[in-house]
Every structure is written in C-alpha cells, then in structure tokens.
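None of the values given here were measured: they were computed from a predicted structure.
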Amino acid sequence: MIFTGSLLWAPSQAITPSWTRGTWRIDNGVIDRIEERPGELGGYAIPGFVDSHAHIGIGEHGGLGTAQQLEQALAQRSTGVLAIRDCGSPVDTRWIDSRADLPKLKRAGRHLARPKRYIRGLPIELEDVKDLPEALAEQARHSDGWVKLVGDWIDRSKGADSDLEPLWPQEVLLDAVAAAHEAGARVAVHSFAHSTINDLLAAGVDDIEHATGMDADQADEAARRGVLVTPTLLQVGLFNEFAAQAGSKYPVYAETMMKMFERRREHFAMLREAGVTLLMGTDSGGYQEHGSIGKEFALWQAQGVDRTELLDIASWHTRRHLGFEALHPGASADLLIYSQDPRTGGDLSAPDAVILGGKLIAPCE
C-alpha cells in the first residue's frame, strides 16, 4: 500500500515530527518513506489519536463482558483513537491484544483505593495503608508499564463536613511509588483535591489525572519535574452535577466541586501557562461514553488550543509520553487519513480512512 501526500512524520524516533510532503510504503504492518511516486492513497495523514485516560470494560454500573468491551473499542476506533491507556479496569481485556483491528492498549492494572473511598466495585480496596507498596508492585507485574492509584476521594464518614481528602499518608506514598518504579511501572494517580498534590509531587508520581486542585506553584513544580497531567475537560465539566448530587447531605464537598467547576477554564489556562506536560484523555467508561474524543477536542479548542497544536498533542505527543509509537521509519502503521488538511478544517474525529497495523479500514466504521 502506498500513501502520497503530507504526513506528520519524524525521520527517527528521537526527532520531533513535522509535516512532510512525500511518499510512504505500508508493508508488513510498518511504514517507511520511499521515493516520491503516485499511490493508492493520498491526502493528509497523522499518527492515530491516543486516549490516555479511558476504561475499556467499565460501564455505568461496573464491569462489562467482552461484547460490550468490543463495542467500546470500536467506538474509540471510529473517532480515530488507535491507542489507549486503559487507566484502570476491573475486568480482563487481554483478549483485545489478539485483535489487530482494534486499538492498542496499555493497561494500568486495577485501581487501588481504601474501603468506601472510590466508585463501588472498581478498585482493589486496602484495609491497611501499609499494604500499598506491595499492592502497587503486584499491579505493576500484571500491567503494561503503568499502575493506577486513587489519590483522593470524598470521606463520607464525616457526615455534613465530608470533603475530598487524601487516601494515603505521604510516607506510604513515598514507599509505594518507589516500589512501583522498582517493578518497572510508572504511577498514574486520580486526584481532584488541592491537598493531595504536594504529597504526590514529593513522592515522585509520573502522572496526575484531572489535577483540578493543582495551584500555580504546584503547576510550576509539576512542569519542572516533567510530571504528566491529563486534564479530562469533559469529566471536569460534570463537577456541577456531582455537586448537585451531593446536595445538602454533603454541603462542604458540594461547594468544593462547584468551585472547581466554576474555575475550570482558568485552571486549564493556568496549567498551559505553567508549561505542564498535558496529555489528551477523555475518562471514557462510566460517566463518559467511549468515542467522545471529538467532544474533548472541542473543549480544548474553546480554550484557545489551535488545531495544529491539538493534532500534535492528541497524536505523537501523547503517544511519545505513554510509550506508543508515532510515525517514523519502521514504526507500526497506525494512522489517520484526511482528504482535507486537518490543520485548517473538517471534523478531526471523523477521518476519511484509518490504517491500523498496516490494514486499511475504509470508510471509517
């Protein structure tokens, strides 16, 4: 298969990709540049999008079977998502690896939390916080280079005074993150609360999901350390609903969530201004439907992220930080093709064709 046109390409894995005019051969599942010539395919091509925060196998009421997992994976693929970091799932999704026509997954194992301090049925709950280092190391042995920790959640035991609070003492976090790193995994942490961030930074976590409580000083430190942040703007856009659900029963928590909802736009702008490394992710599964990356794009664009930057972040930038290949000589041929230049127009989440593992999927399904 030959593609001739403009492609977001890097001459080697270590070089930043740039838009390049030329011809590429797709053979045996990989892509390589060749001398320019007419091809069967033309237009504009980019590496497939990445959803860095998704949950294949999670539905509104818990874990799902393989048929529904397949529906979720296909929904992601239909919007150009060809790589996913499965940021915690209670069900086995390994069967997806045998399907070359489905997005590539990197799994973060099971969520780790304390009893009654996360969504029911999803995490492994630890009665004793001292068990966290070994539990994280165990999840590392069963994941794809990532583990997922619940950093904070509402503590309902305080009644009307309940609010977001950290789950783990700092000294436990330090040991746990070190144990995960020693086991060869990076640590992603769910965090809404401000009070959690300093401990996460001190512990050396690799990725803070949501990070809605992060202030400007913490953002500067996260940028300095190279800590990744997935802002999940779709999910943060639901905080007003979470506040309404808490109502008069948990008024302190409701106020916390509402304040973060009201300042969500300023907060995202602050993260960008601080130079925090932002990844593209939707938090699909549960509250968010799979296949919603186009809606996430729209929120980023409404915040002033132009299409060229958005394409970079959603494709090669997030791929590089999560360990997925972009498009360079000998890389897996996972790309999206557009008839119109995606930097200037058209629906980014509706490519004209998808090539996944070197196989053409057209028209998009």
Side-chain angles (χ1 to χ4, degrees), residues 53 55 58-63 87-90 108 110-132 135-136 147-173 176 187-203 205 207-215 218 229-264 267-268 281-288:
H53 188 134
H55 307 280
I58 292 180
E60 187 176 354
H61 303 293
C87 224
S89 177
R110 293 281 301 275
H111 295 82
L112 293 176
R114 296 177 66 182
K116 299 181 181 180
R117 295 292 300 277
Y118 195 55
I119 301 169
R120 183 181 302 173
L122 296 189
I124 295 172
E125 297 182 341
L126 303 181
E127 294 283 350
D128 190 339
V129 297
K130 294 179 182 178
D131 292 336
L132 183 62
L136 267 188
V147 290
K148 178 66 181 292
L149 184 64
V150 179
D152 51 64
W153 199 254
I154 183 174
D155 183 356
R156 294 181 177 86
S157 67
K158 296 184 178 181
D161 293 328
S162 298
D163 199 359
L164 292 173
E165 291 189 17
L167 271 66
W168 318 99
Q170 186 186 91
E171 61 272 17
V172 171
L173 277 175
V187 181
V189 184
H190 161 98
S191 178
F192 289 159
H194 170 69
S195 58
T196 315
I197 301 296
N198 283 340
D199 286 351
L200 298 181
L201 294 174
V205 304
D207 182 10
I208 301 176
E209 301 297 292
H210 319 297
T212 46
M214 185 177 284
D215 65 26
Q218 293 166 336
V229 170
T230 306
T232 61
L233 301 186
L234 281 170
Q235 182 73 343
V236 180
L238 298 177
F239 279 15
N240 61 331
E241 297 181 19
F242 299 164
Q245 291 165 8
S248 58
K249 187 173 183 180
Y250 302 114
V252 177
Y253 168 76
E255 182 180 4
T256 296
M257 300 305 289
M258 197 64 199
K259 284 182 178 178
M260 290 192 293
F261 173 78
E262 290 171 346
R263 65 180 179 85
R264 66 193 186 281
H267 183 263
F268 180 72
T282 65
D283 205 355
S284 298
Y287 295 112
Q288 303 292 349

Provide the closest heavy-atom pair for [X] versus [Y] in the form atom of the first, atom of the second, distance.
X	Y	answer
Val229	Ala211	CG1-CB, 3.8 Å
Cys87	Ala188	SG-CB, 4.5 Å
Arg117	Pro166	NH2-O, 3.7 Å
Leu200	Ser191	CD1-CB, 4.0 Å
Asp283	His210	OD2-CE1, 3.3 Å
Ala246	Ala254	CB-CB, 3.9 Å

So, the side chain of Thr212 versus the backbone of Phe192: is there a donor-acceptor pair under 3.5 Å, distance only?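 Yes, the answer is positive, given that a donor and an acceptor are paired below the 3.5 Å cut-off.
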Within the side chain of Gln170, is there an N or O that forms a donor-acceptor pair under 3.5 Å with the backbone of Ala202? no
Polar side chain donor-acceptor pair, Asp155 to Ser162, under 3.5 angstrom: no
Just do the side-chain contact (heavy atoms from CB on, under 4.5 Å) check on Trp168 and Leu149 with the steps written out, would you? CA-CA 10 Å; Trp168 318 99; Leu149 184 64; 3.5 Å; yes
Nearest 0.5 Å, what's the [atom1]-[atom2] distance between [X] and [Y]?
X	Y	atom1	atom2	result
Met257	Glu262	CE	CD	12.0 Å
Met214	His267	CE	NE2	7.0 Å
Tyr250	Asp163	OH	CG	12.5 Å
Lys148	Leu136	NZ	CG	12.0 Å
Thr196	Ile208	OG1	CD1	9.0 Å
Trp153	Arg114	CH2	CZ	15.5 Å

Please enumerate all residues that pass side chain to side chain contact (heavy atoms under 4.5 Å, CB included) together with Ala113, with sequence neighbours excluded. Tyr118, Pro123, Val150, Leu167
Flag side-chain contact, heavy atom, 4.5 Å: Val236 against Met260: no
Answer yes or no: is there an ion pair linking Lys158 with Glu165, defined by an N-O contact shorter than 4.0 Å?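 Answer for the salt bridge query: yes.
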Does the plane of the ring in Tyr287 sit parallel, tilted or perpendicular to the ring in Phe242? Use 30° and 60° as the thresholds.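 Tilted.
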side-chain contact (heavy atoms from CB on, under 4.5 Å) between Arg264 and Leu233, intermediate numbers included: CA-CA 8 Å; Arg264 66 193 186 281; Leu233 301 186; over 6 Å; no
Criterion side-chain contact (heavy atoms from CB on, under 4.5 Å) on Gln288 and Thr282, from CA distance to verdict: CA-CA 7 Å; Gln288 303 292 349; Thr282 65; 5.5 Å; no
For Ile58 and Ile119, what are the C-alpha separation, side-chain angles and deciding distance, and is it a side-chain contact (heavy atoms from CB on, under 4.5 Å)? CA-CA 11 Å; Ile58 292 180; Ile119 301 169; over 6 Å; no
